[in-house]
Amino acid sequence: MNYRHSYHAGNFADVVKHALQLICLDYLQQKEKPFFVLDTHAGIGMYDLQGEQAQKTGEWEQGIGRLLQAENRPACLETYCSLVRSLNPGDNLRWYPGSPWLSQQFLRDHDQLGLCELHPDDAEELADNFAGDKRVKVYREENGYIALKALLPPPQKRGLVLIDPPFETTTEFNDIVTGLKHALKRWNTGSYVIWYPIKDPMVTGGFQQMIRELDPPKAYAVDLLIRHAEDATKLNGCGMLFINPPFGLLEPLEELMPFLTELLAQGEGASWQGRWVVAES
Ligand SMILES: C[S@@+](CC[C@H](N)C(=O)[O-])C[C@H]1O[C@@H](n2cnc3c(N)ncnc32)[C@H](O)[C@@H]1O
């Protein structure tokens, strides 16, 4: 396991992922009933953009750096931006939150958050970052795919599962599909959100086909390319696949995605696309 998210925190892919994560969390919070969030690949929860690893790549400058400086942001990005700003009083941008911290901000007393992290060092840091919050349980060195069997369905019967693997191995897309197969057998009314990289769009199409074959109740995919996907060795974009997307998701996308596409472009050919992979029958 070589992947460390601290090299990439706050990059364009995090901006897409976290902006969409917050729309889902906002929807969950609109109802009084308790909810559960499972983050199968949690990372450490908080990143130092001035630390050695983030400084080495500088990726955040083309992600959250651009977003915070942008004018005329769509209203649905304001919570995200103000949460990041709340960690960084003044003009300096040093701290960038991971998906666990963002989920934590939406929890009420009766909601729960489960966090799995397999890397021993990251798991320890994650546990330290969330120590003392009884609503949050850190599953140290726990395989997120196993948690899809072990922790579902949640007693609340309402919630969100975020799957955000590092894609270090060639089996990751298959692992996701196998994990989802088990999860959907246990809980097919839950909302699942899966982040994936786009290098070669053919691979993305293959993944979406595998999802179709799982036959979930509904699935919607949003893909964003930051440039033409001509060189498949590069991260040319990313996508989010939503199984049982929250009702409120599609409407803000019409304003959000064109804005993010222009903001995060890194060359000719930036574009976005949203489509039903499995439409409601
Ligand atoms: C892309 S990062 C997660 C970033 C985080 N979701 C965020 O948005 O802030 C992926 C993380 O998954 C961890 N990881 C890799 N394989 C795992 C597995 N099978 N189960 C749980 N965690 C895993 C890696 O150590 C890494 O910290």
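Excluded from the calculations below are hydrogen atoms, water molecules and symmetry mates; all remaining heavy atoms, backbone and side chain alike, are included. Counting convention: from 1, in listed order, for ligands and their atoms alike.
Listed by number with element, the atoms of ligand 1 under 4.0 angstrom from any heavy atom of D122 are 27 (O). Residue K17 has at least one heavy-atom neighbour below 4.0 Å for each of these atoms of ligand 1: 7 (C), 8 (O). Listed by number with element, the atoms of ligand 1 under 4.0 Å from a non-hydrogen atom of G43 are 27 (O). Interface of H119 with ligand 1, defined as ligand atoms under 4.0 Å from a residue heavy atom, comprises 25 (O). Each of the following atoms of ligand 1 lies closer than 4.0 Å to a heavy atom of G98: 9 (O). Interface of H18 with ligand 1, defined as ligand atoms under 4.0 Å from a residue heavy atom, comprises 7 (C), 8 (O), 9 (O). Residue-ligand proximity, E142 to ligand 1, at heavy-atom distances under 4.0 Å covers atoms 20 (N), 21 (C). Distances below 4.0 Å separate heavy atoms of M1 from the following atoms of ligand 1: 14 (N), 15 (C), 25 (O).
The single protein non-hydrogen atom nearest to atom 22 (N) of ligand 1 is L118 N, 3.2 Å, given as residue, atom name and distance. Scanning all protein heavy atoms for the shortest distance to atom 20 (N) of ligand 1 gives G144 N, 2.8 Å. Protein heavy atom nearest atom 9 (O) of ligand 1, with residue, atom name and distance: S99 N, 2.8 Å. In this structure, atom 21 (C) of ligand 1 lies nearest to the protein heavy atom T40 O, 3.2 Å. Summary of contacts: the protein heavy atom closest to atom 2 (S) of ligand 1 is Y3 CE2, 3.6 Å. The nearest heavy-atom contact from the protein to atom 1 (C) of ligand 1 is D164 O, 3.4 Å. The closest protein non-hydrogen atom to atom 24 (C) of ligand 1 is E117 OE2, 3.4 Å. Nearest protein heavy-atom neighbour of atom 23 (C) of ligand 1: H41 CD2, 3.4 Å.
Panel note: side chain T57, backbone H8; no donor-acceptor pair is recorded below 3.5 Å.
Counting heavy atoms from C-beta on, the side chains of T40 and E142 never come closer than 4.5 Å. Counting heavy atoms from C-beta outward, E255 and C76 have side chains that stay 4.5 Å or more apart.
Of the listed residues (Y192, F247, W276), just one forms a ring-ring contact (aromatic ring centres under 6.0 Å, His included) with Y220, and that residue is W276.
Polar contact check, N143 against ligand 1: a nitrogen or oxygen pair lies under 3.5 Å apart.
The closest side-chain donor-acceptor pair between Q104 and D133 falls under 3.5 angstrom. Looking only at atom types and distance, the side chain of E52 has no donor-acceptor partner in the side chain of Y7 under 3.5 Å away. R227 and N236 share a side-chain donor-acceptor pair at under 3.5 Å.
Residue contacts with ligand 1 for P97 are absent, since no atom lies close enough (heavy atoms, distance under 4.0 Å).
Using a 4.0 Å cut-off between a side-chain N of Lys or Arg and a carboxylate O of Asp or Glu, D223 and R275 qualify as a salt bridge. The residues R94 and D48 are annotated as salt-bridged, a charged nitrogen and a carboxylate oxygen being separated by less than 4.0 angstrom.
Between F173 and F167, the two ring planes are tilted [angle within 30° to 60°].
Separating the CD1 atom in I176 from the NZ atom in K181 is a distance of 15.5 Å, to the nearest 0.5 Å.
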